[in-house]
Amino acid sequence: MAPFDRSNSSIAPFDAITVAPPQAQAVVVGAGMGGLAAAMRLGTKGYRVTLLDRLDVPGGRGSAIWQDGHRFDLGPTIVTVPQVFQELWAACRRDFDREVNLRPLDPYYQIRWPDGSTFTACPDRERMIQEVRRLSPDDVRGYQRFMRDGEVRYDFGFEELGRRSMHELWELIKVLPTFARLRADQSVYRRASLRVRDERLRMALSFHPLFIGGDPFRVTSIYALVNHLESQFGVHYATGGIVAMADAMTKIIRDQGGIIRLNSEVDEILIENDRAAGVALKDGTVIPADIVVSNADAAHTYSHLLRGRRKRRWTKRRLDRTRWSMGLFVWYFGTKGTQEKWPDVGHHTIVNGPRYKGLVDDIFIKGELADDMSLYVHRPTVTDPSAAPNGDDTFYALSPVPHLGHDRPIDWSTMAETYRQRVQATLSQRLLPGLDQHLSSSLVFTPETFRDRYLSWQGTGFSIEPRIFQSAWFRPHNVSEELSGLFLVGAGTHPGAGLPGVIAGAEVLAKLVPDVDCVLA
């Protein structure tokens with residue numbers, strides 16, 4: 001790719017009129033939660049940050065759509081490990097707890113099975129033991145052992161690996177003995193099945209990888225750490241939704257002197273002297289930079305934004321061989337006059353279908369849209385009535401489905417309404433009787449929406465699946481292997497998907513980005 005002339009750029013790298021010393025320029029591609037956190041971290045290092053996003057609101061998957069008086073939170077709905085946000089705010093000399101209202105949830109969620117049995121997760125350990133005892137008295141001791149498994153794996157998997165860079169092979173080699181000792185080769189489900197015998201409990205202890213795009217029967221048992229972080233740090237809801245957190249992050253970036261440009265799609269990462277030197281937008285605007293951070297999907301970054309450069313590692317062949325997370329079908333809907341209705345339905349409910357492993361295999365391995373389904377149902381108005389008009393309710397129902405990269409991809413343009421009706425029927429029968437008479441608003445996202453709205457590879461919900469050989473060093477690195485001056489953050493890079501993961505990824509990235517003095521030297 002030919003170098004470009006900075007002097008002809010429509011946006012100057014700094015204000016030439018003032019006498020202030022020049023600042024190192026950083027461009028962040030994508031205002032998802034990882035991109036916002038990265039921009040905040042770069043601002044604290046002294047960079048003048050330009051943050052770009054193709055959407056009209058910040059937050060990426062954590063954004064929201066307002067429709068018929070309802071606020072539909074599009075992606076993540078809970079905050080775990082709140083200290084990663086507190087530390088991020090503190091690094092910017094701000095107080096997270098003063099700027100964001102986190103509300104601890106109790107209970108966290110309820111799991112329902114077709115036979116009518118339930119399991120309610122909550123912050124009180126004794127109540128959790130009583131829940132286990134109610135379902136399967138013989139499994140109490142095994143449950144306690146599984147929770148200890150999760151604590152050890154949290155200390156290693158998140159605090160040790162997740163908060164430091166894994167871009168050097170030596171970093172992986174050093175931890176291989178610990179991987180072996182913790183039986184990282186086992187799946188989360190396998191670990192749970194060694195501890196408890198009741199199949200319902202095995203599901204309740206092993207389903208969490210689905211929230212970061214992983215197959216519980218194949219992702220490494222290191223992800224048992226999620227059970228510990230829920231127990232230790234709680235499950236929280238941000239008043240106003242995750243988009244309220246995104247808005248608070250954009251305010252900090254602007255207070256640091258950063259520039260946020262929405263409705264601005266990056267088309268290409270520009271190269272000068274064999275290093276990243278800025279970006280070109282779809283409209284032809286050129287924005288020079290000393291470093292570029294991509295919060296776009298890692299596959300989109302390497303296949304499209306760097307399309308003019310020969311790849312050493314992340315070639316098309318490599319991307320085609322990679323295993324990707326599942327897709328998501330999400331039905332957002334509002335109901336009229338129901339805030340006092342369905343009193344047994346809380347903030348989060350998991351409605352299980354008749355199958356667990358068979359359904360997961362259909363989604364991840366066979367790529368088939370099954371007749372049965374399991375649903376994650378979000379009802380934020382239980383905690384935050386402002387998400388709906390007075391007296392009304394806001395919901396979303398999420399169903400994991402195959403991504404678009406299987407041999408026979410689903411044509412959602414013809415299937416979406418049929419599947420939505422099946423979701424509605426399941427909810428009416430299993431959770432929300434009389435739902436049909438109360439519907440007042442409806443919006444559907446399919447894997448095709450994720451592909452088109454977020455430029456998500458294969459329409460996945462969470463980018464690369466976190467299997468053992470697709471984690472840590474094996475993922476796309478936070479400092480690019482393909483181009484000097486390019487850095488990555490977000491679900492597709494280390495440490496992975498989920499709010500704690502992408503916020504920790506920005507922390508890792510900040511340690512890798514050179515200091516401003518080094519850039520300007």
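Keep in mind that the numbers below use all heavy atoms, side chains included, and drop hydrogens, waters and symmetry copies. FYI, the numbering just counts along the sequence from 1.
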Among Leu51, Leu52, Asp53, which residue meets the side chain to side chain contact (heavy atoms under 4.5 Å, CB included) test with Leu262? Asp53

For Leu281, which of Arg54, Arg261, Glu268, Glu265 qualifies under side chain to side chain contact (heavy atoms under 4.5 Å, CB included)? Arg261

Do Ile350 and Phe207 come within less than 4.5 Å of each other through their side chains, counting heavy atoms only?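 SC-SC contact between Ile350 and Phe207 confirmed.
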
Tell me whether the rings of Tyr332 and Phe72 are parallel (<30°), tilted (30 to 60°) or perpendicular (>60°). tilted

Restricting to non-hydrogen atoms, name the atom on [X] and the atom on [Y] that form the minimum distance, rounded to 0.1 Å.
| X | Y | value |
| --- | --- | --- |
| Asp362 | Ala370 | OD2-CB, 3.6 Å |
| Pro476 | Gly492 | CD-O, 3.2 Å |
| Leu305 | Ala296 | CD1-CB, 4.3 Å |
| Leu375 | Val423 | CD1-CG1, 4.0 Å |

Strictly under 6.0 Å, is that where the ring centroids of Phe395 and Trp331 end up? no

Centres of the His348 and Tyr109 rings: under 6.0 Å? no

Test side chain to side chain contact (heavy atoms under 4.5 Å, CB included) on His167 and Trp473 and set out the steps. CA-CA 6 Å; His167 70 283; Trp473 180 84; 5.8 Å; no

So, using side-chain contact (heavy atoms from CB on, under 4.5 Å) as the criterion, who are the partners of Arg312 when residues are at least two apart? Arg309, Glu482

Can a cation-pi geometry be assigned to Arg453 and Phe445, taking NZ or CZ under 6.0 Å from the six-membered ring centre and within 45° of the ring axis?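 No; the conditions do not both hold, so Arg453 does not lie above the ring face of Phe445.
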
Considering residues at least two apart in sequence or located in another chain, which fulfil the side chain to side chain donor-acceptor pair (under 3.5 Å) criterion with His406? none

